[in-house]
Structures are given as structure tokens and as C-alpha cells.
Amino acid sequence: MSFVVSSFLVPLHLFSYLRHSSVETQSIVVLDFGAQYSQLIARRIREQNVFSVVLPCTASLEEIRSYKPLGIVLSGGPSSVYDADAPSADRHVFDLVLPVLGICYGLQLMVHVLGGKVRAAHTREYGHQKVDVTSQSTLFCGLPVALEVWMSHGDEAVELPPGFEQIARSPSAVAGIENQAKKMYAVQFHPEVHHTKFGTQILRNFVLNICKAQPDWTPQHFIDETVASVRHTVGTGRALCALSGGVDSAVAATLVDRALRDGHGPSRLTCVFVNNGVLRKNEFEKVQQNLRDKLGLHVVAVDATGRFLARLAGITDPERKRKIIGNEFIAVFDEEAHKIEQRAGKVEWLVQGTLYPDVIESRSVRGPSQTIKTHHNVGGLPETMKLKLIEPLKDLFKDEVRKIGRDLGMPEEILQRQPFPGPGLAVRILGEVTPERIAILRECDDIVVGEIKKAGLYSKIWQSFAVLLPVMSVGVMGDQRTYAYTCAIRAVHSEDGMTADWVPLPHEVLKTISNRIVNEVRGVNRVVYDVTSKPPGTIEWE
């Protein structure tokens with residue numbers, strides 16, 4: 001294998017197929033100016049069965065056009081448009097002859113760039129607010145004239161650009177504008193959040209009535225296009241799939257496996273499941289059985305415990321842990337690809353179950369938005385690698401992936417698995433990862449998951465797990481003093497992993513978990529429960 005390329009220059013994108021197909025999947029492009037809700041805008045549009053993608057506000061016109069947009073949404077953001085370092089977009093975005101919807105900062109940017117005036121507001125508006133619709137507009141078609149909305153702005157438009165008129169007003173500011181001739185619209189509030197009562201209808205009016213999008217982006221549509229795309233991209237070649245045992249990699253593997261089967265013959269996809277030494281209890285054996293027996297995948301299992309733990313020895317920084325694990329995974333996959341080449345032919349492609357939240361959190365793809373943490377399969381990869389990436393799910397959220405899996409006929413037992421981080425228990429052990437700490441956390445985690453399943457709560461919770469803290473405290477057991485670790489329990493509800501609320505687990509469940517951990521797991525004498533939402537925390541502790 002002589003291919004050495006940047007791992008981010010050659011990902012397989014859903015739309016790569018469009019150049020070779022008469023079927024056109026069009027989209028609504030959301031340009032992000034650092035908003036906390038940018039991904040939520042895309043979700044609300046996808047709920048109309050129309051594909052939407054978030055790009056940084058710095059995206060080139062070429063990149064925007066590559067998504068075949070029917071319309072563009074300008075997101076909110078924390079900046080002021082008149083500041084010297086305010087985020088902006090290519091001015092020619094407004095010359096694409098496409099409908100444009102500005103939201104919050106997007107309204108102010110539209111006004112500022114097109115010749116109006118924005119200034120700091122005399123009265124800032126945050127939270128719930130009443131808005132009056134002052135003029136008939138397609139954007140507000142079918143809505144009452146008085147709206148309950150969610151505001152979050154400290155600036156206001158005081159002069160509108162030529163050709164624009166006001167279509168809504170709050171007690172203190174212009175709340176909606178339009179230039180009907182150019183199909184440009186903007187609102188000062190956030191229609192994407194649940195606090196705006198008719199927000200979904202506003203977005204639906206823009207997407208379906210103004211942009212004339214067809215609501216045909218369905219799981220089956222995605223499957224057909226992705227399978228065709230993979231076939232075209234890989235050709236007669238072979239691919240590896242990095243399996244974790246979770247939903248994402250299992251769905252990605254099933255999709256690509258379907259694409260790389262020649263008739264009824266064997267697949268040209270080899271799935272590699274690596275034991276990195278930080279898997280959960282009995283995970284290495286269970287995952288192999290599930291993926292071979294229930295999905296019919298060709299799985300090669302590699303026990304690389306020793307090499308991973310050797311690389312992690314003495315490492316306490318979570319970002320270094322993720323990067324070490326990401327690099328070591330790639331090294332293992334390269335070695336396995338070489339073995340396959342010796343007996344079956346050249347391997348050029350590596351399939352990963354990367355999801356959209358992974359991309360958002362790992363890289364500053366959202367304009368001025370900050371990187372939260374590196375995911376081992378995104379920012380944790382080496383800058384150069386021999387295998388080229390296929391990431392068929394990289395534009396999807398978790399619930400969308402599960403829908404794809406159901407349409408693929410995958411069993412619910414696999415699809416309902418809670419998310420598990422690629423770096424595994426390494427990022428649930430705060431501080432150094434040692435064999436002793438891994439063994440302790442494995443037992444704690446097995447108790448947490450087991451009791452939550454026993455209570456019938458597993459499929460109702462987004463994620464539930466144990467964390468081993470580098471905190472030791474004094475305890476007493478059997479009239480003897482103990483000095484042992486603290487275990488934290490974490491359980492959250494979430495829609496897509498971008499935000500999350502902690503779950504108030506029933507008292508009896510918490511009591512049973514705590515009692516079992518303290519009594520059954522040597523090395524732990526204290527159990528605490530994490531009641532932090534995301535934000536301000538993240539779901540995982542590292």
C-alpha cells in the first residue's frame with residue numbers, strides 16, 4: 001500500500017454519487033456563525049424529509065454549490081456584525097439566486113451586508129417574547145398574527161437595506177424582514193428551538209413553500225444513494241471497516257457490505273474488531289458473535305491489548321489519550337490490510353462509523369465555533385495514513401442512523417445499544433489508565449448497565465455508564481478503615497448527543513447500584529451521581 005494522503009481530504013461524502021447519477025439529492029445549506037443552535041436548524045429541516053447540512057460561514061461558494069442547495073440559512077451567533085473581527089460569509093452568497101433565511105445574527109448580517117444599519121440595542125431581548133406579524137408573508141403563512149418566540153440578541157436592525165420591508169416586530173426591535181423579489185427573509189428570533197411555538201411551521205414554510213424542496217429525503221433514499229456511491233468509489237477494490245460493536249460502525253458496515261457484495265458471492269469488505277484493552281466486560285467476545293451471527297459480516301478479531309496499554313501508560317491528558325488510541329487503531333488497520341492484500345488483493349479504503357456530532361465536536365467546522373474534544377475517529381486520526389476514508393454516516397445524527405439501520409433490517413438488539421466512545425474506558429478513567437483501574441471500572445460499569453437493563457430503562461436512556469475518578473477517600477467497611485476510589489454514575493437523555501439532560505434515575509435503582517458497587521467491587525468505597533446537563537458539561541467526562 002503506497003497511498004499516503006491526508007485523512008480528511010478523501011472522505012466519502014453522500015453527495016459524491018451525485019456527479020455520476022441522474023438522481024439529484026438537493027439540500028438546504030446552513031451557514032454557521034458560531035451559534036449554539038446551528039445543528040438544531042439542520043435537524044428541524046431534516047424533520048421535513050429534506051436534507052440539510054451545516055457548513056462553516058467561511059465555506060467557499062464552490063463547497064456550498066457542491067451540496068446542490070435549494071436555499072441557504074444564515075445561523076445565529078454571539079458576535080456583533082459591526083465588530084472588526086465579526087464572522088462573515090462570502091458576499092456573493094446573496095447573489096446565488098437562491099432563497100435565503102437569516103436567523104438572529106443572520107438577520108443582522110443580511111441587513112449589514114446589503115446596505116442597512118445595525119447597532120447595539122437600547123433594550124436587549126433574551127428568552128420568551130411576543131412578536132406581532134405586521135405584514136402578510138409566505139414565511140408566516142398559516143400562522144397567527146401574534147407569536148410566542150425565543151429571543152437572544154443585544155443588537156437590532158435600525159435601517160433596512162433597499163428592497164426590504166418589515167414583516168414582524170417585537171416590543172423593542174424589528175423581528176422579521178423580507179425582500180420578496182429576491183426571496184430573502186430573516187427573523188430576529190430562533191424558530192428552531194421548541195420555545196418558539198410555531199417555529200417548525202416557519203421553517204417548513206421556508207423549506208417547502210419558498211425553496212420548493214421536495215420532502216423525499218427518506219432512509220431508503222439515503223440507503224440507495226449511499227450503496228451506489230460506495231460501489232462507484234471503491235469499484236472492484238476492497239475495503240476494511242473499523243468495527244466498535246456500536247450502532248454507528250455496525251450500520252456503516254452493513255451499508256458498505258451491501259455495496260461490496262458481487263451477486264451472491266463473498267463481500268469485498270473485511271470488518272476488523274480490535275480489542276484495545278479498554279473494552280467493557282466480555283465485550284470482545286459478545287461483539288464478535290453479534291456481528292457474525294446476526295449481521296452476517298466477515299469479522300476479523302484482533303487482540304491488541306498489550307500495544308494499546310503500553311502506549312497509554314503514564315498518559316493523563318484526555319486529548320493525548322484520544323490521539324494515541326486513534327493512531328494505534330490506524331496502525332492495526334494498516335497491518336490487517338497488508339495481510340488481506342497478501343491473500344486477496346489490494347485494500348485502499350477504511351470504513352468508519354463517524355457521525356455528524358463527532359465531526360462538530362472534533363473540529364471547528366462551524367466557523368467560529370470551538371473544538372470541544374477530539375473524537376478518535378475524526379481529530380484523533382494521524383495527519384497522514386495509507387488508507388482512504390469512507391464515512392457514509394458523517395452527515396447523520398444518531399437517531400437518523402438508527403432509522404437507516406431499521407430500513408436495512410438490522411435487529412433492534414444492535415440498534416438500541418447505547419453509545420460507547422471509541423477510546424472506550426480510557427476516557428472514563430480520569431487520569432492514568434492502568435490494568436488495575438480498567439478492571440475496577442469494568443466491574444462498576446457492568447453493574448450500572450446491568451441494573452438499568454433490569455429496571456427496563458436501558459432503551460429509554462440515551463447513555464448510562466460508570467466513571468472512575470482519581471479521587472480516593474476514607475470509608476469504613478466491617479469496622480475497618482478503607483481508602484479507595486470514587487465511582488461516578490452518569491445517565492442522560494438526549495436527542496442527538498449535541499445537548500443532554502441528566503436522568504433522575506429511580507431511587508431504588510440508584511440505591512441498588514451503589515450498594516452493589518461498594519460491596520462487590522474491590523477498590524471502590526464511594527459512589528456519586530452526576531447531575532450535570534450538556535451544556536455546561538459534556539456527556540463523557542473526558
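Just so it is clear, the values below take in all heavy atoms, side chains as well, and ignore hydrogens, waters and symmetry mates. These figures come from a predicted structure and were not determined experimentally.
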Testing H190, H194, H195 one by one against H128 for a ring pair (Phe, Tyr, Trp, His ring centres under 6.0 Å), which residue passes?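 Only one option passes, and that is H195.
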
Can a side-chain donor-acceptor contact be found between [Y] and [X] if the only test is distance below 3.5 angstrom?
{"X": "Q463", "Y": "S494", "result": "no"}
{"X": "S244", "Y": "S249", "result": "yes"}
{"X": "R43", "Y": "Q39", "result": "no"}
{"X": "R526", "Y": "Y485", "result": "no"}

Can you check whether [X] reaches [Y] side chain to side chain, under 4.5 Å on heavy atoms?
{"X": "T226", "Y": "P392", "result": "yes"}
{"X": "F189", "Y": "I202", "result": "yes"}
{"X": "L393", "Y": "T354", "result": "no"}
{"X": "I489", "Y": "D530", "result": "no"}
{"X": "V448", "Y": "I517", "result": "yes"}
{"X": "S514", "Y": "L510", "result": "no"}
{"X": "L468", "Y": "L430", "result": "no"}
{"X": "Y458", "Y": "Q418", "result": "yes"}

Does the pair [X]/[Y] count as a salt bridge with the N-to-O cut at 4.0 Å?
{"X": "E283", "Y": "K286", "answer": "no"}
{"X": "R428", "Y": "E542", "answer": "no"}
{"X": "E348", "Y": "R238", "answer": "no"}
{"X": "D155", "Y": "R124", "answer": "no"}
{"X": "K281", "Y": "E443", "answer": "yes"}
{"X": "E192", "Y": "R44", "answer": "no"}

Over all atoms of both residues, closest heavy-atom pair of [X] and [Y]:
{"X": "K321", "Y": "T316", "result": "CE-O, 3.9 Å"}
{"X": "I461", "Y": "V492", "result": "CG2-O, 3.4 Å"}
{"X": "E432", "Y": "G314", "result": "OE2-N, 2.9 Å"}
{"X": "V449", "Y": "S464", "result": "CG2-O, 4.0 Å"}
{"X": "E413", "Y": "N290", "result": "OE2-OD1, 3.8 Å"}
{"X": "G76", "Y": "C104", "result": "CA-CB, 4.1 Å"}

Donor-acceptor pair, side chain of [X] and main chain of [Y], under 3.5 angstrom:
{"X": "D446", "Y": "R442", "result": "no"}
{"X": "D407", "Y": "G409", "result": "no"}
{"X": "Q289", "Y": "E285", "result": "no"}
{"X": "D334", "Y": "A337", "result": "no"}
{"X": "T538", "Y": "E540", "result": "yes"}
{"X": "T196", "Y": "W150", "result": "yes"}
{"X": "N327", "Y": "K323", "result": "yes"}
{"X": "S80", "Y": "D83", "result": "no"}

With ring-ring contact (aromatic ring centres under 6.0 Å, His included) as the test, would you mind laying out the steps for F308 and F329 before giving the verdict? CA-CA 9 Å; F308 275 88; F329 268 130; 5.2 Å; yes

Say you draw a straight line from [atom1] of [X] to [atom2] of [Y]; how long is it, rounded to the nearest 0.5 Å?
{"X": "I45", "Y": "S52", "atom1": "CD1", "atom2": "OG", "value": "3.5 Å"}
{"X": "I452", "Y": "I447", "atom1": "CD1", "atom2": "CD1", "value": "12.0 Å"}
{"X": "K398", "Y": "E495", "atom1": "NZ", "atom2": "CD", "value": "14.0 Å"}
{"X": "H298", "Y": "D257", "atom1": "NE2", "atom2": "CG", "value": "10.5 Å"}
{"X": "K394", "Y": "D248", "atom1": "NZ", "atom2": "CG", "value": "14.5 Å"}
{"X": "L425", "Y": "N276", "atom1": "CG", "atom2": "CG", "value": "8.5 Å"}

Stepwise side-chain contact (heavy atoms from CB on, under 4.5 Å) check, L269 with W349: CA-CA 9 Å; L269 175 71; W349 301 93; over 6 Å; no

Take a 6.0 Å sphere around CZ of R406 and say whether it holds more than 12 heavy atoms from other residues, nucleotides or ligands. yes

Go through Y529 and L505 one step at a time and tell me if the side-chain contact (heavy atoms from CB on, under 4.5 Å) criterion holds. CA-CA 10 Å; Y529 191 54; L505 286 177; 3.4 Å; yes

When the aromatic ring centroids of F51 and F222 are compared, is their separation below 6.0 Å?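 F51 vs F222: aromatic centres not under 6.0 Å.
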
Test side-chain contact (heavy atoms from CB on, under 4.5 Å) on V401 and V247; report intermediate values, then the result. CA-CA 8 Å; V401 171; V247 177; 4.1 Å; yes

Can you check salt bridge (Lys or Arg N to Asp or Glu O under 4.0 Å) on E328 and R307, steps first, answer last? CA-CA 8 Å; E328 202 61 28; R307 63 192 287 178; 2.7 Å; yes

Test salt bridge (Lys or Arg N to Asp or Glu O under 4.0 Å) on R46 and E400; report intermediate values, then the result. CA-CA 10 Å; R46 294 181 186 197; E400 294 171 332; 2.6 Å; yes

Trace of the side-chain contact (heavy atoms from CB on, under 4.5 Å) decision for V30 with L55: CA-CA 6 Å; V30 179; L55 298 179; over 6 Å; no

Test K534 against D501 for salt bridge (Lys or Arg N to Asp or Glu O under 4.0 Å), laying out the working first. CA-CA 6 Å; K534 176 185 179 180; D501 293 319; over 6 Å; no

Begin from the C-alpha positions of R516 and E451 and carry the test salt bridge (Lys or Arg N to Asp or Glu O under 4.0 Å) through to its verdict. CA-CA 10 Å; R516 284 194 61 194; E451 289 300 327; 2.8 Å; yes

